[in-house]
Amino acid sequence: MTDKKKLVLVDGNSLAYRAFFALPLLSNDKGVHTNAIYGFAMILMKMLEDEKPTHMLVAFDAGKTTFRHETFKEYKGGRQKTPPELSEQMPFIRELLDAYQVKRYELPQYEADDIIGTLAVEAEKDGFEVKIFSGDKDLTQLSTDHTTVAITKKGITEVEYYTPAHIEEKYGLRPDQIIDMKGLMGDSSDNIPGVPGVGEKTAIKLLKQFQTVENLLEHIDEVSGKKLKEKLEEHKEQAVMSKKLATILVETPIDVSSKDLAYEGPYIDQVISLYKELGFQTLLERLGEGEQVEVEELEVTKITDITDDMLTDHAALVVEQLGDNYHEADLIGFAIHNENGAFFITKEDALQSEAFKLWAQDETKKKWVFDSKRAVVALRWHDVDLKGVDYDVLLATYVVNPQKSYEDVASVAKEYGLNIALSDEKVYGKGAKQAAPTEDELKDHLGRKAAAISALHDLTLEALEKNDQHELYEDLELPLALILGEMESLGVKVDIERLERMGEELTKKLKEYEETIHRLAGETFNINSPKQLGVILFEKLGLPIIKKTKTGYSTSADVLEKLEDKHEIIRSILHYRQIGKLQSTYVEGLMKVTHKNTHKVHTRFNQALTQTGRLSSTDPNLQNIPIRLEEGRKIRQAFVPSKEGWLMFAADYSQIELRVLAHISQDENLIEAFTQDMDIHTKTAMDVFHVSEEEVTPSMRRQAKAVNFGIVYGISDYGLSQNLGITRKEAAAFIERYLTSFKGVKTYMEDIVQEAKQKGYVTTLLKRRRYIPDITSRNFNIKSFAERTAMNTPIQGSAADIIKKAMIDMVQKLKEENLQANLLLQVHDELIFEAPKEEIAILEKIVPEVMENALQLDVPLKVDFASGPSWYDAK
DNA sequence: TGAATCACG
DNA sequence: ACGTACGTGATTCAG
């Protein structure tokens, strides 16, 4: 039996629009915009792969006027003109389709929809399976048992499939009622009026009762609600006309037939040459035609006898390892590039060369690297103390734009228009297949990377100057990298025996909870599988469904807490999850990464990752060790000083983000509150609830605290309502009252959003930048998210600036005072040290002093501290 | 490999 | 009408 015939129909204009707006305005080296072409090509390739059509056609709109304008001359009125940046791309999209041998069609006076509708109906009669692709939900009216309508969702290659069943589930309507819905609610993008005051909800409600617009209008008197009745009566004709406008014509006088649309596959040469012309490397690779990147000529010399002409001042240095974790990855070679050329040195030759080691340790011989922390730490594990690191490509590019994540030298070089080095992935492979290449390949690769670092030096420093960020890079990030490297190398001592004991206890508890849960469920299942758990809770036990996820029922803690008094199994599940997390992530996870001999863990702080300027910590993550719940907090008992007679010392900023907000917003009320060192949540409660200090109840303070969190995150009534479990209206009222009391904050929130719109980015106190292109998005969600980002980033980012500065000052101070104390960790607003008992009293004086004076704000900074025999006790 | 969940500030 | 609180990383399941 032959496969069924399958026709794919595409709304060309709609998808081109989608692609254009979904992607940033890319352009190729000739200055031609390519984002819509690129997006269209991606969708096209995906459609062909996924659907494997036997027949295919892309329909386009022709001209400005259509037969619909006879009905309503304002049809599609008020619509913005197609941006010229998009228009100029349309010819290429047609060329692309021709290269793929996909038929395309347009017809004067008709829209793409009508062509598609007509062909879909015809094809279905002829026994085709039909798939329609568009970005316009109107097309869903064409859905039948044999015609599926795929509408693009966020992103461009993600689609939602509308079958009659899906439409029923989503709207409770039949596909043919979609036009009735449009008739009632209208469509602002097409300027279809509908009935004023009727939105989607009302339209669906009416159609469930009356089926069609016509039937509804005949029975207006049966409609509940006086206002609604009047509106319907008044706009009767408009509703009928709107329905007519929204109706896709299935009898368009086209001169093609589905039989003519056989898809024969692409002219691959044409596709390749078009992609090459447009510079679509990624798509070429997907075609299996990825060009070998041609790198510039470069002679790399292998050196066995290291001489002084290699060991110069201002030399680019590559310290190469195979693997991410530089604490344990093997060194595989070195390269140096300077005015005398590019040189490769094997690991053995370098580490055995006194000349090389002396040079590496010579502070006066400046080195340029990519990822200074990695180079320094990696060499330190081989007892080489790398000094004189003067330039770091990774940090420079991170400061210029934290959005870009560069995994290697080649990716940065490419961004700056250089084609000197190959990517690490190309040379080493990735994942399990990662392996060292031949020595000759390695020689070339490392030499090229070193040459790229040299070439990038001036370019990136220029970019920093241009942004007025040279100071941030040179005086903050670069020195901090070395400090972080020392902290990582030093590591934190872990009390393994203690961890083991906790593990045994947790395992026992876990077993008990597991048995209880299985008994209460009446069967055994995997509690760790949200899918299986969902079936047990919501199907077998019939508990109410509170929230759904993309894939099924949500079983998250906030959902379970709402079900707590409905069934005793819930409490056990919550406990099981809590204990399970402690066991797997903190006890087992921590033991796995603790070094067997030294009993230390060596985290890696990622200094070039977060969008706000914070650090992150991995392998293990020591920035998320439990503290909020007592059972978890006990994990901290396992973090202990590395030497006998020493203690842990922790110091944290109190309310640093709100203090930063007070400073940058210059809100008088907030500044006053912090100047007088008031309890900020109590103060907020007093102002929001209009009560005196004595009248503030714990509940009021709790709510005020949530409001303060909301303010820092970029407030939204919805978010606050979720957090407090109140209605959106109530949340909105809280926010309103807050902003009335703190007018300066209100002005800041408004101004910062404006600034982001105007400049395209926001900045922190130390001129760190975050670009926020989405702030101009027409999509409500994306735009709202961008606005919150604009509000939050200067706050979170400035707090990050402050503590980074404090770390530099602190290490300097420890050195000046000749103290043995070590800085071990940073957890966003706190610093953790270990120190001899005798030094604790000194730390209690100097740590708060240094931290509080890291940066001068218009409000005082406040630091709390504590010490004890373990991290747990330093509270 | 992505989604869900949960740990932290 | 829309339907998310900001910033991270690790573990587990399931396709």
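Throughout, a chain's letter reflects where its sequence line sits, starting with A, and its residues are numbered from 1. Since we're looking at a predicted model, the values are computed, not measured.
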With heavy atoms under 4.0 Å as the rule, sort [X] into base, sugar-phosphate or nothing.
{"X": "A:Ser716", "answer": "base"}
{"X": "A:Phe785", "answer": "sugar-phosphate"}
{"X": "A:Gln796", "answer": "base"}
{"X": "A:Asn624", "answer": "base"}

Quick one, A:Asn606 with A:Leu615, criterion side chain to side chain contact (heavy atoms under 4.5 Å, CB included). Give me CA distance, side-chain angles, the key distance, then yes/no. CA-CA 6 Å; A:Asn606 197 334; A:Leu615 303 174; over 6 Å; no

Atom-to-atom span, NE2 of A:His828 to P of B:dA7 - whole angstrom: 16 Å

Phosphate-side-chain proximity, A:Arg628 and B:dG9, N/O vs OP1/OP2 below 4.0 Å: yes

Is there a side-chain contact between A:Ser554 and the phosphate of B:dA4, meaning an N or O under 4.0 Å from OP1 or OP2? no

Nucleotides bounding contact with chain A, strand DNA chain C, heavy-atom threshold 4.0 Å: C:dC2 to C:dG15

A:Arg636 side chain, from C-beta outward: closest of B:dC8, B:dT5, B:dA4: B:dC8

Less than 4.5 Å apart, any side-chain heavy atom of A:Leu831 and any of A:Phe649? no

Just wondering, do A:Arg614 and A:Gln607 contact through their side chains at under 4.5 Å, heavy atoms? no

